[in-house]
There are 2 protein chains.
Amino acid sequence: MVKKRVTLKDIAAEVGVHVSTVSRALDPALSDTLTPEVVTKIRDTADSLGYRPNRIAAGLRTNRTMTVGVMIPDITNVIFPPILRGIESVLEPLGYATIIVNTDSEAERENRLLNVLRDRGVDGIIHAAVLLSDPCITHAAEDGVPVVTLNRMVENSRIPYVINDEEAGVRGMLQHLIGLGHRRIAHLAGPQHLSTGQLRQAAFRKVAEELALDLDERLIVEASRFDEAEGRRAATDLLASGARFTAILCANDRLALGAIDGLAAQGLACPADVSVTGFNDMSFLELIRPRLTTVRIQQYDAGRTAADVLLKLIAAETGTETGAEAPLETILPVELVIRDSTARCADS
Amino acid sequence: MVKKRVTLKDIAAEVGVHVSTVSRALDPALSDTLTPEVVTKIRDTADSLGYRPNRIAAGLRTNRTMTVGVMIPDITNVIFPPILRGIESVLEPLGYATIIVNTDSEAERENRLLNVLRDRGVDGIIHAAVLLSDPCITHAAEDGVPVVTLNRMVENSRIPYVINDEEAGVRGMLQHLIGLGHRRIAHLAGPQHLSTGQLRQAAFRKVAEELALDLDERLIVEASRFDEAEGRRAATDLLASGARFTAILCANDRLALGAIDGLAAQGLACPADVSVTGFNDMSFLELIRPRLTTVRIQQYDAGRTAADVLLKLIAAETGTETGAEAPLETILPVELVIRDSTARCADS
DNA sequence: CCGCTTCACGCAAACGATTGCGTAATGAGG
DNA sequence: CCTCATTACGCAATCGTTTGCGTGAAGCGG
């Protein structure tokens with residue numbers, strides 16, 4: 001039933017040469033040490049027999065599997081699929097396969113899945129975490145496995161990271177709101193144990209001061225999750241605090257959608273009464289009314305870039321000195337997307 | 001720099017036994033052929049040294065890699081991530097890793113990626129295609145690679161498939177609409193080269209006849225893609241045809257959203273003037289107004305089921321006769337989700 | 001005390017590809 | 001005609017595990 005795979009030995013027997021000769025003939029880098037006739041003869045019979053190299057066997061010998069691991073919190077989170085396609089767009093044409101694992105942001109799972117990847121001898125790992133603390137990936141890096149992190153950095157390590165320019169996004173958004181006459185701007189922050197939640201709040205505080213906004217502590221509320229329910233809850237709390245505001249800069253799109261809902265429940269319309277902004281520009285956002293003004297994160301490009309960096313690390317690891325060193329830090333630009341959820345401040 | 005991995009040989013040297021003994025001690029199925037003391041001694045030093053089995057080497061010997069391939073058209077299509085989590089929920093606890101590839105529904109890519117999977121010796125493949133015709137996966141199946149298809153079946157083959165009960169979904173939806181007094185119901189069909197597009201249209205025709213609806217050919221229009229723009233276009237065409245209708249059953253959610261938009265552009269409100277229904281119940285749907293009445297496909301369960309079937313195939317392949325034969329056909333139930341886009345027929 | 005079985009472990013050959021090294025054969029130069 | 005370099009390929013070890021088979025020792029019954 002199970003057809004046996006064609007191996008180098010089969011080709012060698014067919015052509016009448018040694019398997020090592022076949023191996024060399026099939027390797028473009030080595031085939032020029034052989035007689036051209038032999039090479040063509042071998043190659044012809046190779047694909048007439050339908051030969052496919054066994055990467056398992058090659059991997060055992062060479063310690064390279066042409067497989068990389070990608071660790072993400074949860075593939076059903078809409079921000080990750082574009083990242084994965086970006087990674088794939090770089091790696092797949094080079095013959096790499098990617099093993100994707102979902103950590104659910106649980107340390108125990110992360111450890112287990114890291115082993116799943118290492119046991120399979122992946123050539124490198126792209127780690128798109130959201131938690132601020134997860135030490136186990138550093139172990140892998142210390143053991144010599146090429147690692148790149150995405151969306152966050154590991155402090156005090158030499159692990160290259162690719163992040164988005166969150167601060168530029170916050171700045172652009174605040175400038176946009178100020179341009180519309182808003183002065184009292186609230187921040188609906190994300191969970192502070194997540195890197196984006198923390199980074200964006202820090203950026204908000206910094207830029208708000210820079211731009212000389214009235215920074216009232218009551219205007220900063222934290223959500224405990226990045227979802228609509230928490231957005232609604234936080235917006236309601238914000239109103240209950242009694243602090244005046246005419247706009248809310250939310251740490252992500254889902255919080256913003258929930259906030260708009262919460263405001264509506266209290267009789268406040270967006271954008272007529274309050275302007276609300278999101279972050280990420282997730283898919284399907286343009287179908288939801290009011291169409292959200294947000295900061296577009298280039299997820300696809302982030303994936304591409306992370307893959308590029310990883311390739312450089314792998315090249316360095318294998319001694320293939322290409323000259324191009326892997327950059328420790330890559331900060332990707334973000335883009336302001338102005339839609340319908342922001343309007344001129346009614347109070348001004 | 002690169003820390004050498006601990007191998008069986010290292011453990012053997014440490015304990016003072018042969019590597020084969022170590023191999024057996026570490027295999028729960030074989031460890032009872034050894035002296036208990038030796039087994040514990042070996043296991044203790046194994047994890048004191050931090051031993052991790054090299055699956056590459058084991059795979060070369062055993063032809064099992066504990067890795068499965070998953071082929072999908074496009075991970076950024078929101079229906080696939082839940083499927084993948086479903087697959088993972090079954091396979092990951094058993095120690096399997098999954099290599100996910102995106103075919104973009106291109107035959108050439110599919111062929112290439114199939115080789116990527118086979119070269120890495122995957123133990124099985126789950127193939128979640130949408131195209132009606134893609135022969136290359138059958139080659140793999142014929143070569144003895146366990147294959148399960150999801151969302152579609154390959155005719156005239158022994159390849160097990162897992163599909164959703166599209167017909168029950170269409171029937172439930174039509175009965176719902178009829179219950180609301182609708183009689184002239186249009187069908188906005190999906191692309192007919194895609195399995196769901198074709199299956200749902202066939203079901204619509206069959207059930208409409210069953211339920212004695214006025215089946216006007218002008219009431220069936222086909223979209224060339226599953227997106228909002230085509231939904232809008234098709235709805236506009238439907239109106240232009242002059243055929244009367246009070247409801248539209250759409251072949252998927254995105255078409256329905258586009259259709260509602262197209263109707264609105266012509267001054268027709270949903271559900272006041274026309275009821276519109278979707279299919280799939282994709283994520284974020286409940287955030288879009290009007291909240292769409294739709295048929296929920298259990299994507300997660302579909303993934304789980306496909307993985308279960310694949311495991312049975314793999315068990316059969318390896319001679320591990322567990323008694324449970326892999327079913328050729330699995331039809332999963334669907335669920336009617338009634339929201340706000342359907343209302344009592346105004347004409348009745 | 002001998003011969004048998006049983007037990008517990010070692011030996012070595014796979015698995016398929018890669019690669020350093022060895023070595024025939026060829027050619028050229030003196 | 002001999003020497004030596006070069007070319008073109010073969011030999012065999014290697015990667016880490018698995019596994020059929022062999023074997024020494026222990027145990028046991030007669």
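To find a chain, count down the sequence lines: A is the first, B the second, and so on, and within it residues start at 1. Computed over heavy atoms, backbone and side chain alike; hydrogens, waters and symmetry mates excluded.
Rounded to an integer number of Å, the gap from CG of D10(B) to C1' of dG16(D) is 10 Å. Across the protein-nucleic acid pair, R64(A) atom CZ and dG16(D) atom C1' stand 19 Å apart, rounded to whole Å. The distance from atom CG of N63(B) to atom P of dT17(D) is 17 Å, rounded to the nearest whole Å. In this entry the distance linking CZ of R55(A) with C1' of dA17(C) reads 12 Å, nearest Å. Spacing between atom CG of L30(A) and atom P of dA8(D) amounts to 14 Å, rounded to whole angstrom units. dT14(D) atom C1' lies 9 Å from atom CG of L60(A), rounded to whole Å. We find that CZ of R120(B) is positioned 15 Å from P of dA17(C), with the value rounded to whole Å. Following rounding to the nearest Å, L49(B) (CG) and dG16(D) (C1') show an atom-to-atom distance of 16 Å.
Closest contact between the side chain of R24(A) and the listed nucleotides dT18(C), dT19(C), dG16(C) involves dT19(C). Among the nucleotides dT18(C), dG16(D), dA12(C), the one closest to the side chain of S23(A) is dT18(C). Considering only side-chain atoms of T35(B), the nucleotide from dC9(D), dC11(C), dC9(C) that sits closest is dC9(C). Among dC11(C), dA17(C), dT17(D), the nucleotide with an atom closest to any side-chain atom of H18(B) is dC11(C). The side chain of S20(A) sits closest to dC11(D) out of dT17(D), dC11(D), dG16(C). For R61(A), the listed nucleotide lying nearest its side chain is dA17(C); candidates were dG10(D), dA17(C), dT18(D). Among dG16(C), dC15(D), dC11(D), the nucleotide with an atom closest to any side-chain atom of K9(B) is dC15(D). When each of dT18(C), dA17(C), dT18(D) is scored by its nearest atom to the side-chain atoms of L8(B), the top-ranked nucleotide is dT18(D).
Of the two residues contacting DNA chain C, namely N54(A) and V19(B), the nearest-nucleotide position lying further toward the 5' end is that of V19(B). The nearest heavy atom of DNA chain C to P36(B) and to D27(A) marks one nucleotide each, and the one closer to the 5' end goes with P36(B).
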Any chance you could lay out the salt bridge (Lys or Arg N to Asp or Glu O under 4.0 Å) test for E88(A) and R109(B), step after step, and finish with the verdict?
-> CA-CA 13 Å; E88(A) 189 205 32; R109(B) 266 181 78 85; 3.4 Å; yes
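Ion pairing between D143(B) and R118(B) holds under the 4.0 Å rule for side-chain N and carboxylate O. Of the charged side-chain nitrogens involved, none lies within less than 4.0 Å of a carboxylate oxygen, so that R5(B) and D10(B) do not count as a salt-bridged pair. A salt bridge links D301(A) with R304(A): at least one charged nitrogen is closer than 4.0 Å to a carboxylate oxygen.
Remark: Y51(B) is in phosphate contact with dT17(D), judged by side-chain N or O atoms under 4.0 Å from OP1 or OP2.
Side chain T62(B) to base dC15(C): no donor-acceptor pair is found below 3.5 Å.
Dense packing is recorded around CZ of R52(B), with more than 12 heavy atoms of other residues, nucleotides or ligands lying under 6.0 Å away.
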